[in-house]
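Just below is one structure, and these are the notes that go with it.
In what follows, every heavy atom counts, from backbone to side chain, and hydrogens, waters and symmetry copies are set aside.
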Amino acid sequence: MTCDFSLAHYRDLLHAAQNGGYRWAGFDAPPEAGVVILRHDVDLSLEAALAMAEVEADEGAWSTWFLMTRSVFYNLASSEGEQAIARLRELGNRIAHHAAYPHVDLDDRFDPVVAWHNPDPDYMCAPIEGAVNVMGAPFFDPEHYRSDSNQRWRNGCPHEALARGELDWLQLLTHPEIWAYDGATMRESMESMLDADRAARLEHLRKDRIDLT
Ligand SMILES: [Zn+2]
Ligand SMILES: [Zn+2]
C-alpha cells in the first residue's frame, strides 16, 4: 500500500479505521474512546469536497465539512455553493464554518462549529462565543490529532495506527483538494486543480451566455 494523496488511499484510510473498530463522530459531543472524527477544511475547491464526500458515502462514512464564506477560490453563496451544501447534507454529512479571522459568519447554513483558516497560535485554541472551536478542548489534543497539510503528515500517515486500533480516538483533518487532484507533490496537485478549474470556468462562461465561438 502506498501512502500517496489520492482518493484511492483515502478509501484505504477509511477501511483502516473500520478494520480498527472505530466509529465515526462529529463535534457535537466530547470525543469518546473508539471514535474517529473526520474533519475537512475546504480551502480551495467545492468540486474536490464533493468528490471526496462521494468516496466516504460509498464506504458508509460521514464527516464534518468546514466551508468558507470568504474564500477567494469559491463562492458559497453561488448556486454552485448552495448545491454543494445540499449534496453534502444529502450524503449524511455535517456542515461547519471555516472562518477567516476575525470574522465568524455563522448563519443557518452551518452547525455552530468553527475551525479557523490558517490560524495564528495566539487565537487558534481560544474559545469562540456561541460556537465550538475544534482546535480547543476537548476536541484538540496533539496525541489525538493528525493533519495532511501540504501533503505532509507530521506523524506519518495514520492508516497503520488506525488499522491496529492503536489510537484511543482521533480528529483527522484532511483537505480534499490534496486528495481529489492527481499529483506527487503539492505543486503538481495544484496544477491539476487549476487545469480542471479552467474547464469548469469555460463551462460557466457558456452558461453565462458568453460567445466563445
Ligand atoms: Zn497511508
Ligand atoms: Zn484552511
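- For the atom pair CG of N133 and CZ of F27, the computed distance is 10.0 Å after rounding to the nearest 0.5 Å.
- Checked against the 6.0 Å centroid threshold, H15 and H159 do not count as a close aromatic pair.
- Linking ILVMFWY residues whenever their side-chain heavy atoms come closer than 4.5 Å, directly or via other members, leaves I37 and L167 in distinct clusters.
- Considering only heavy atoms from C-beta on, W116 comes within 4.5 Å of V104 through its side chain.
- A53 meets the side chain to side chain contact (heavy atoms under 4.5 Å, CB included) test with W65, L88, L91, N93; sequence neighbours excluded.
- Annotation: the span from T64 atom OG1 to W24 atom CH2 amounts to 12.0 Å, rounded to 0.5 Å.
- When only modelled atom types and interatomic distance are considered, D148 and W179 share a side-chain donor-acceptor pair under 3.5 Å.
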Test log, rule side chain to side chain contact (heavy atoms under 4.5 Å, CB included), inputs Q171 and H144: CA-CA 6 Å; Q171 177 186 158; H144 299 99; over 6 Å; no

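- The residues R206 and D208 are annotated as not salt-bridged, no charged nitrogen and carboxylate oxygen being separated by less than 4.0 angstrom.
- The closest side-chain donor-acceptor pair between Q151 and S189 falls under 3.5 angstrom.
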Audit row: W153, R146, side chain to side chain contact (heavy atoms under 4.5 Å, CB included) steps and yes/no: CA-CA 7 Å; W153 296 106; R146 300 287 176 89; 4.1 Å; yes

From CA spacing to verdict: side chain to side chain contact (heavy atoms under 4.5 Å, CB included), H204, E80: CA-CA 10 Å; H204 285 313; E80 207 181 40; 3.1 Å; yes

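- Looking only at side-chain heavy atoms (C-beta outward), R94 and D28 come within less than 4.5 Å of each other.
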E56 and S63: CA distance, side-chain angles, deciding distance, side chain to side chain donor-acceptor pair (under 3.5 Å) verdict: CA-CA 8 Å; E56 285 180 359; S63 57; 2.7 Å; yes

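- Around atom CD of E203, more than 12 heavy atoms belonging to other residues, nucleotides or ligands sit under 6.0 Å away.
- H117 contributes no side-chain N or O that, together with a main-chain N or O of D43, makes up a donor-acceptor pair within less than 3.5 Å.
- By the criterion of side-chain heavy atoms lying less than 4.5 angstrom apart, applied directly or through intervening Ile, Leu, Val, Met, Phe, Trp or Tyr residues, V114 is grouped together with M68 in one hydrophobic cluster.
- Side-chain contact between F66 and H40 is absent, with no heavy-atom pair separated by less than 4.5 Å.
- Classification of R87 and E54 as a salt-bridged pair holds, one side-chain N sitting under 4.0 Å from a carboxylate O.
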